[in-house]
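Structure provided below as structure tokens; questions to follow.
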Amino acid sequence: MSQKNAPPPIVFILIFFALIGGGYWFFSNRESAPVIPVTNFSPGPDSVPSGTTVRIDGSTSMVTINQNLKRTFERQFPGANVITSANGSQNGIADLLAGKTDIAAVSRPLTAQEQSQGLVAVSVTTDAIALVVGKANPFNQGLTSAQAADIFQGKINNWSAVGGNNGTIRVINRPAVSGTHQAFQEIVLKGANFGAAPNITTLQRDATTPLLQALGTDGIGYATFAQVANQQTVRFVPIDGLTPDASGYPYQRQLYYVYKNPASPGVQAFLGYATSAQGQQAMILDN
């Protein structure tokens with residue numbers, strides 16, 4: 001019985017080149033794979049090159065946090081420079097996408113669309129949204145969660161409806177560009193729209209000081225607890241019997257630093273510091 005002929009040499013040559021081509025395709029595709037975002041930057045950096053500059057813009061709720069971290073970061077790493085602005089969460093995100101800032105300080109979660117544009121949110125701390133009235137406001141009681149929602153939707157517009165004196169409730173609302181506005185709508189109003197009644201005024205600019213000044217003796221507004229905790233001109237309105245500093249207070253949310261993937265070395269260094277034990281302590285120095 002005759003043996004079968006062995007394959008001609010050309011077959012082995014073709015197999016060899018096929019293996020080489022497959023290996024090249026595998027490694028070249030590995031190199032072009034998307035960069036996986038980093039969300040855990042701890043522990044903080046040991047050193048930062050002199051001349052490192054990090055620009056932060058966004059939520060007015062995070063002004064104190066930004067300034068505290070700027071001061072301590074620059075002190076620990078001489079030659080580093082942190083530039084902070086506070087033009088609202090939405091403007092911070094827009095500037096981040098446009099390359100005008102390095103980090104957006106944001107007081108609400110990112111949307112799916114924002115994440116699809118390469119933005120990554122790093123949780124910085126937990127904060128509470130406080131409802132406030134002027135110190136001279138005769139209303140000195142609390143509200144239920146349902147009453148608070150009804151006031152900001154325009155369904156309740158007289159203090160007497162919530163146990164106060166007869167008189168119109170002037171609602172001072174933050175502009176839609178505000179992350180605190182968006183978080184309030186989600187947490188307090190359960191996604192419903194703010195009211196458009198005549199007693200509801202929406203500020204043109206997202207700033208806490210003008211809001212507090214506008215309260216007078218008959219207004220109510222809201223702000224991040226960290227910004228108003230030490231204010232002497234306003235009083236907190238308890239919600240369901242709890243003040244903003246109490247465990248179980250219903251209006252709590254996360255504050256974030258957002259970067260565009262991949263993070264630059266300066267952004268990685270700053271976020272590493274912000275999320276370290278030292279950075280977390282620095283955030284609350286002035287609160």
Side-chain angles (χ1 to χ4, degrees), residues 34-41 45 48-49 51-74 77 79-125 127 129 173-186 202-211 222-224 226-227 253-275 279 282-283:
V35 179
I36 298 174
V38 177
T39 56
N40 181 13
F41 291 88
V48 173
T52 296
T53 298
V54 179
R55 301 165 297 171
I56 304 173
D57 193 6
S59 174
T60 59
S61 299
M62 297 175 68
V63 167
T64 301
I65 290 173
N66 295 342
Q67 291 174 344
N68 287 349
L69 288 174
K70 165 185 168 65
R71 181 170 57 255
T72 54
F73 185 82
E74 291 177 346
F77 304 109
N81 185 29
V82 179
I83 303 170
T84 66
S85 301
N87 294 306
S89 294
Q90 200 65 36
N91 288 330
I93 287 174
D95 284 349
L96 179 61
L97 289 170
K100 297 178 181 179
T101 195
D102 303 303
I103 295 173
V106 177
S107 55
R108 60 163 178 79
L110 290 176
T111 65
Q113 181 182 4
E114 289 163 350
Q115 293 179 62
S116 72
Q117 294 173 285
L119 300 190
V120 182
V122 177
S123 178
V124 176
T125 189
D127 182 52
I129 299 177
N173 195 11
R174 308 181 84 100
V177 70
S178 164
T180 304
H181 168 111
Q182 295 163 23
F184 189 96
Q185 184 174 10
E186 185 65 29
T202 300
L203 299 177
Q204 294 297 311
R205 186 168 65 93
D206 184 29
T208 297
T209 299
L211 183 147
Y222 58 94
T224 182
Q227 276 197 311
R253 43 83 182 267
Q254 293 290 316
L255 300 179
Y256 304 90
Y257 279 140
V258 176
Y259 69 91
K260 194 170 192 310
N261 192 46
S264 68
V267 168
Q268 291 186 46
F270 183 83
L271 293 181
Y273 177 76
T275 54
M283 286 184 198

Please round to the nearest 0.5 Å and tell me the distance separating atom CG of Leu96 and atom CD1 of Ile56.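 Here the rounded value is 11.5 Å.
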
Please identify each residue that fulfils side-chain contact (heavy atoms from CB on, under 4.5 Å) with Thr125, with sequence neighbours left out. Ile65, Leu255, Met283

Of all heavy-atom pairs between Phe73 and Ala269, which one has the smallest distance, and what is that distance? CE1-O, 3.9 Å

Listed partners of Lys260 passing salt bridge (Lys or Arg N to Asp or Glu O under 4.0 Å), at least two apart: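 Per chain and number, Lys260 pairs via salt bridge (Lys or Arg N to Asp or Glu O under 4.0 Å) with no residue.
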
Which residues pass the side-chain contact (heavy atoms from CB on, under 4.5 Å) test with Gln254, not counting sequence neighbours? Ser123, Thr126, Tyr256

Check whether any side-chain N or O of Arg253 sits under 3.5 Å from a backbone N or O of Ile129 as a donor-acceptor pair, and report yes or no. no

Spatial distance of atom CZ (Phe184) from atom OH (Tyr222) [nearest 0.5 Å]: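 Interatomic distance, Phe184 CZ to Tyr222 OH, rounded to 0.5 Å: 6.0 Å.
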
By the salt bridge (Lys or Arg N to Asp or Glu O under 4.0 Å) test, which pairs, at least two apart or in different chains, include something from residues 174-186?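 Only Arg174-Asp206 qualify under salt bridge (Lys or Arg N to Asp or Glu O under 4.0 Å).
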
Distance in Å, Thr52 OG1 paired with Phe77 CZ, rounded so as to fall on 0.5 Å steps: 10.0 Å

Hey, what do you get for OG1 (Thr84) to CZ (Arg71), rounding to the nearest 0.5 Å? 10.5 Å

Test side-chain contact (heavy atoms from CB on, under 4.5 Å) on Ser89 and Val106 and set out the steps. CA-CA 5 Å; Ser89 294; Val106 177; 4.2 Å; yes

Hey, what do you get for CG (Asn66) to OH (Tyr257), rounding to the nearest 0.5 Å? 4.0 Å

Restricting to non-hydrogen atoms, name the atom on Ser107 and the atom on Ser59 that form the minimum distance, rounded to 0.1 Å. OG-OG, 3.4 Å

Where do Gly279 and Leu69 come nearest, in terms of heavy atoms and distance?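 Where Gly279 meets Leu69 most closely, the heavy atoms are O-CD2, 3.5 Å.
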
Contact list for residues 91-103, test side chain to side chain donor-acceptor pair (under 3.5 Å), sequence neighbours left out: Arg55-Asp102

Please name all residues satisfying side-chain contact (heavy atoms from CB on, under 4.5 Å) with Thr111, sequence neighbours left out, ordered by chain then number. Arg108, Gln113, Glu114

Lys70 and Asn81: CA distance, side-chain angles, deciding distance, side-chain contact (heavy atoms from CB on, under 4.5 Å) verdict: CA-CA 8 Å; Lys70 165 185 168 65; Asn81 185 29; 4.1 Å; yes

Nearest 0.5 Å, please: how far is CG in Leu110 from OG in Ser116?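 One gets 10.5 Å once the value is rounded to the nearest 0.5 Å.
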
State whether the side chain of Gln227 and the backbone N or O of Thr60 hold a donor-acceptor pair below 3.5 Å, judged by distance alone.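 Indeed, once roles are kept as given, a pair shorter than 3.5 Å links the two residues.
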
Can you see which heavy atom on Ala282 is nearest to which on Thr72, and at what distance? CB-OG1, 3.4 Å

List in chain and number order the residues that pass side-chain hydrogen bond (donor to acceptor under 3.5 Å, both in side chains) with Gln185, two or more places apart in sequence or in another chain; answer none if no residue qualifies.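 Per chain and number, Gln185 pairs via side-chain hydrogen bond (donor to acceptor under 3.5 Å, both in side chains) with Asn193.
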
side-chain contact (heavy atoms from CB on, under 4.5 Å) with Pro210: which residues, sequence neighbours excluded?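 side-chain contact (heavy atoms from CB on, under 4.5 Å) list for Pro210, sorted by chain: Arg205, Ala207.
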
So, for Thr208 and Ala223, which heavy atoms are closest and what is the spacing to 0.1 Å?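 For Thr208 versus Ala223, the nearest heavy atoms are CG2-CB, 4.1 Å.
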
Quick check: does any side chain N or O of Asp57 sit under 3.5 Å from a backbone N or O of Asn87, one acting as donor and the other as acceptor?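 Checked: pair present.
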
